[in-house]
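Structure, as structure tokens:
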Amino acid sequence: MPEGHTIHRYARLHRRRLNNGPVAVWSPQGRFAEGASHLDGRHLEHIDPLGKHLFYRWEGDTTLHVHLGLFGKFRTFTGEPPPPTDETRMAMQAGDATIYLAGPTACELVTPAEEETIRDRLGPDPLDRSASPDRFAANLARRRIPIGAALLDQKVVAGVGNVYRAELLFLLGIHPRTPASELAAVTVAVLWDRTVDELRRGERSGRIVTTDPVHFGATRDRDLHGEERLYVYKRHGLDCRRCGTVIRIEDLGNRSIWWCPSCQPG
DNA sequence: GGGTGATGCTGAG
DNA sequence: TCAGCCTCACCCC
């Protein structure tokens with residue numbers, strides 16, 4: 001689940017659910033017991049997402065940092081929630097909403113200095129309206145690594161993950177191994193704009209859809225079945241939706257990438 | 001019921 | 001470069 005669009009969606013949802021009155025916070029699993037007892041009963045003032053990171057601002061200048069990693073998940077319940085599982089690291093409850101967090105890479109209270117260290121490692125976030133496309137361009141210009149590897153580097157751009165990198169490169173017809181520094185300025189500008197558009201689309205619908213629902217007789221992204229939502233991700237061995245060439249898979253930047261040899265020539 | 005892979009990242013070597 | 005960490009949905013018996 002968690003690329004940048006999911007994180008920003010969680011921020012929006014949690015802001016709405018937890019902004020009225022004090023929030024009960026506890027750690028059913030116990031691994032966040034100390035932090036939870038520190039937060040329990042405080043008001044949540046704001047949530048700042050950045051890339052794949054979430055910063056929850058609590059009264060009393062306390063910040064909770066959450067990073068979901070590969071497996072982390074929030075579950076939200078209205079009314080009477082089911083009992084938390086043994087894997088529930090943190091639970092938050094306000095009004096009739098209960099939110100469980102399981103499997104995060106990070107769930108910790110951070111000092112301003114620690115937060116600064118995290119932020120220093122992150123590039124511009126396409127879902128942040130004040131993010132600078134020029135910073136993205138400058139980050140790419142400095143790297144000789146393949147664009148397919150650069151898009152996964154959170155210091156280059158914060159929030160893109162393995163699904164979006166494959167889909168974005170397909171949408172723009174860029175071969176994944178093209179050196180980042182060799183992309184034309186206009187291509188980089190279009191890549192940024194498209195990244196913003198696609199992540200926003202994912203944030204809105206809650207799922208990653210890069211294809212056009214109309215082609216499948218649907219009108220909304222969420223009406224598409226799993227296989228219809230994407231052009232190349234995990235489609236190796238299948239025909240390209242645009243040209244019919246067989247989609248390929250290979251390793252790039254320690255992860256698999258999928259691409260179309262015809263639509264994305266080297 | 002067991003095995004596996006996954007939309008992520010870090011730190012040791 | 002690679003092991004390790006975190007959890008769960010999905011597949012196969």
Side-chain angles (χ1 to χ4, degrees), chain A residues 1-11 27-33 35 49-54 65-77 82-91 99-108 110 114-115 117-123 125-127 145-146 148-171 176 195 198-211 221-222 224-237 249-259:
Chain A
M1 296 295 261
E3 295 194 27
H5 69 298
T6 308
I7 300 312
H8 282 255
R9 193 179 167 85
Y10 278 140
S27 178
Q29 175 196 57
R31 290 184 52 184
F32 183 59
L50 181 60
K52 297 170 187 170
H53 298 255
L54 284 160
H65 169 233
V66 172
H67 188 283
L68 295 179
L70 191 50
F71 313 124
K73 230 173 231 116
F74 284 106
R75 276 171 238 270
T76 303
F77 304 94
T85 63
D86 289 347
E87 286 74 36
T88 307
R89 184 83 56 91
M90 174 179 68
I99 295 168
Y100 292 153
L101 167 65
T105 289
C107 174
E108 61 194 358
V110 289
E114 288 165 338
E115 176 175 346
T117 303
I118 295 166
R119 288 178 172 269
D120 284 347
R121 288 199 302 254
L122 299 173
D125 179 347
L127 288 175
I145 58 173
L151 287 181
L152 282 189
D153 184 341
Q154 301 299 296
K155 195 151 191 166
V156 170
V157 53
V160 172
N162 206 25
V163 180
Y164 277 120
R165 80 152 168 175
E167 294 295 309
L168 285 164
L169 292 178
F170 173 84
L171 291 168
T195 304
E198 295 299 334
L199 283 172
R200 277 191 194 155
R201 184 179 172 190
E203 197 274 335
R204 248 180 280 126
S205 71
R207 58 200 55 182
I208 303 176
V209 180
T210 57
T211 55
D221 286 354
R222 58 181 216 261
L224 295 185
H225 302 288
E227 207 277 320
E228 300 168 341
R229 293 178 187 152
L230 304 169
Y231 279 105
V232 289
Y233 179 77
K234 280 196 177 169
R235 293 195 73 244
H236 54 287
I249 178 174
E250 73 176 69
D251 277 357
L252 182 56
N254 275 331
R255 314 285 296 278
S256 295
I257 188 160
W258 293 261
W259 90 107

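Throughout, a chain's letter reflects where its sequence line sits, starting with A, and its residues are numbered from 1.
Between A:Tyr100 and A:Phe77, the ring center distance clears the sub-6.0 Å criterion.
Between B:dT7 and A:Arg165, no contact under 4.0 Å exists linking OP1 or OP2 to a side-chain N or O. Side-chain nitrogen and oxygen atoms of A:Arg207 include none within less than 4.0 Å of the OP1 or OP2 phosphate oxygen of B:dT7. Between A:His67 and B:dG8, a side-chain N or O to OP1/OP2 separation shorter than 4.0 Å is absent. The phosphate of B:dC9 (OP1 or OP2) has a side-chain N or O of A:Gln154 nearer than 4.0 angstrom.
Partners of A:Ala33 under the side chain to side chain contact (heavy atoms under 4.5 Å, CB included) rule, at least two apart in sequence or in another chain, do not exist in this structure. Considering only residues two or more places apart in sequence or on other chains, A:Glu115 meets the side chain to side chain contact (heavy atoms under 4.5 Å, CB included) condition with A:Phe55, A:Arg57, A:Thr63, A:Val110, A:Arg119. Residues passing the side-chain hydrogen bond (donor to acceptor under 3.5 Å, both in side chains) test with A:Thr105, sequence neighbours excluded: none.
Taking atom CD1 of A:Ile257 as the reference point, atom P of B:dG8 lies 12 Å away to the nearest angstrom. Separating the CZ atom of A:Arg235 from the P atom of B:dT7 is a distance of 17 Å, rounded to the nearest angstrom. Going from atom CG of A:Asn162 over to atom P of B:dG5 covers 15 Å, rounded to whole Å. Between the CD1 atom of A:Ile249 and the C1' atom of B:dT7 there is a distance of 14 Å, given to the nearest Å. Between A:Lys52 atom NZ and B:dT7 atom P there is a gap of 10 Å when expressed in whole angstrom units. Taking atom NZ of A:Lys155 as the reference point, atom C1' of B:dG8 lies 18 Å away to the nearest angstrom. If you take CG of A:Asp153 and P of B:dT10, they are 10 Å apart, rounded to a whole angstrom. For the pair A:Arg255 CZ and C:dT1 P, the computed distance is 16 Å after rounding to whole Å.
If you take atom P in C:dC5 and the same atom in B:dG13, they sit 14 Å apart, rounded to whole Å. One C1' atom belongs to C:dT1, the other to B:dT7, and the distance between them is 23 Å to the nearest Å.
Checking side-chain atoms of A:Glu3 against main-chain N and O of A:Gly161 turns up a donor-acceptor pair under 3.5 Å. At distances below 3.5 Å, not a single donor-acceptor pair connects side-chain atoms of A:Glu250 with backbone N or O atoms of A:Ser256. When atom types are taken as modelled, the side chain of A:Arg229 and the backbone of A:Ile208 share no donor-acceptor pair closer than 3.5 angstrom. A:Ser27 places a side-chain N or O within donor-acceptor distance of the main-chain N or O of A:Arg89, the cut-off being under 3.5 Å. A distance-only check finds a donor-acceptor pair linking the side chain of A:His67 to the backbone of A:Gly69 [under 3.5 Å]. With A:Glu167 contributing its side chain and A:Asn162 its backbone, the two residues share no donor-acceptor pair below 3.5 Å.
Counting non-hydrogen atoms under 4.0 angstrom, A:Arg229 reaches nothing in the nucleic acid. Nucleic acid contact class of A:Tyr233 (heavy atoms, under 4.0 Å, all strands): sugar-phosphate only.
Heavy atoms from other residues, nucleotides or ligands lying under 6.0 Å from CG of A:Asp120 number more than 12.
Between A:His5 and A:Tyr164, the ring planes lie perpendicular to each other; the angle is over 60°, past the 30° to 60° tilted range.
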Checklist entry - What is the per-nucleotide protein-contact pattern of nucleotides 3-10 of chain C, from the 5' end, where B denotes a base atom under 4.0 Å from a protein heavy atom, S denotes such proximity for sugar-phosphate atoms only, and - denotes neither? => result ---BBSS-
Are there any protein N/O atoms within less than 3.5 Å of an N/O atom in nucleotides 1-3 of chain B, and if so, which ones and at what distance?
none

Checklist entry - How would DNA chain B look in dot-bracket form, 5' to 3', counting Watson-Crick and G-U wobble pairs with both distances under 3.5 Å and writing | for bases paired to another strand? => result ||||||.|||||.
